[in-house]
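Below you'll find the structure, written out as structure tokens, and then a few comments.
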Amino acid sequence: MPGIGGVGAIERIIAREPSAKILVLSVHEDSVFTTRAMQAGALGFIPKRSAPEAMLKAVEMVSMGRTCIAPEIAQQLAMQKLTGSENPLDVLSQREFEVFRLLAEGKTVNEIADILNLSPKTVGTHHTNIKQKLNVSNSAELARLAIRSGLLEA
């Protein structure tokens, strides 16, 4: 989702209408985006490739105020909890996560500033903070971490 991103949109919707029932339909099928979306206030998260019946069921569940996560993603989340494996990206704030994702996709600081409606200096500060928090020193290491975390395909 261009601009503020899906999670940013969820946060804005919930800030304006706390009782909103949000179901995320995403190309991302990993626990990282699911966790971020649910923390922002979404009630459901399913992949775009889901069967029509699964989509209808998800809409029905979320409309009733129930949580709905695609089974394969729910299993990833459960396994992370069971094994105690933490995602290194969990230390990032929501804005830092958005900047990280765009950096990992190969966007420049100026491009990210335009996409997120921030100043290049602010994006640069986020970039520095991200590298410190994730203990990486360059963009190649950021991209590698994004691939290991399932945000990018190799």
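These numbers were taken from a predicted model, which means no experiment stands behind them.
- Linking ILVMFWY side-chain heavy atoms closer than 4.5 Å, directly or via other members, places M61 and M55 in two distinct hydrophobic clusters.
- Atom CD1 of residue I112 and atom CZ of residue R101 lie 9.5 Å apart, to the nearest 0.5 angstrom.
- A salt bridge links R49 to E29: at least one charged side-chain nitrogen sits closer than 4.0 Å to a carboxylate oxygen.
- A pairwise comparison of heavy atoms in C68 and V62 identifies CB-CG2, 4.3 Å as the closest pair.
- Between the side chains of T122 and S119, at least one donor N or O sits under 3.5 Å from an acceptor N or O.
- Residues E96 and L89 form no side-chain contact, since every pair of their non-hydrogen atoms from C-beta on lies 4.5 Å or further apart.
- If you check the side chains of Q76 and E72, you find no donor sitting under 3.5 Å from an acceptor.
- Cluster annotation: L102 and L134 are assigned to the same hydrophobic cluster (Ile/Leu/Val/Met/Phe/Trp/Tyr, side-chain heavy-atom contacts under 4.5 Å, transitive).
- When the ring pair (Phe, Tyr, Trp, His ring centres under 6.0 Å) test is applied to F33, the partners found at least two apart in sequence or on another chain are H28, F97.
- The closest donor-acceptor contact from the side chain of E141 to the backbone of S137 lies under 3.5 Å.
- The neighbour count for N138 CG, taken as heavy atoms of other residues, nucleotides or ligands under 6.0 Å away, is above 12.
- Between I73 and P47 the shortest side-chain heavy-atom distance falls below 4.5 Å.
- Between L103 and T108, every side-chain heavy-atom pair lies at or beyond the 4.5 Å cut-off.
- Between L43 and L23, the closest side-chain pair of non-hydrogen atoms is not below 4.5 Å.
- S63 contributes a side-chain N or O that, together with a main-chain N or O of V59, makes up a donor-acceptor pair within less than 3.5 Å.
- Of all the heavy atoms in A20 and I14, the pair that sits closest is O-CD1, 3.9 Å.
- Pairing each heavy atom of A40 with each of V7, the nearest pair is CB-CG1, 3.7 Å.
- For Q132 (side chain) and N129 (main-chain N/O), no donor-acceptor pair under 3.5 Å exists by modelled atom type.
- Salt bridge K57/E53: absent, no basic N to carboxylate O contact under 4.0 Å.
- By the 4.5 Å heavy-atom criterion applied to side chains, L77 and T35 are counted as neighbours.
- In this structure the side chain of V136 never reaches within 4.5 angstrom of the side chain of R144, judged on heavy atoms.
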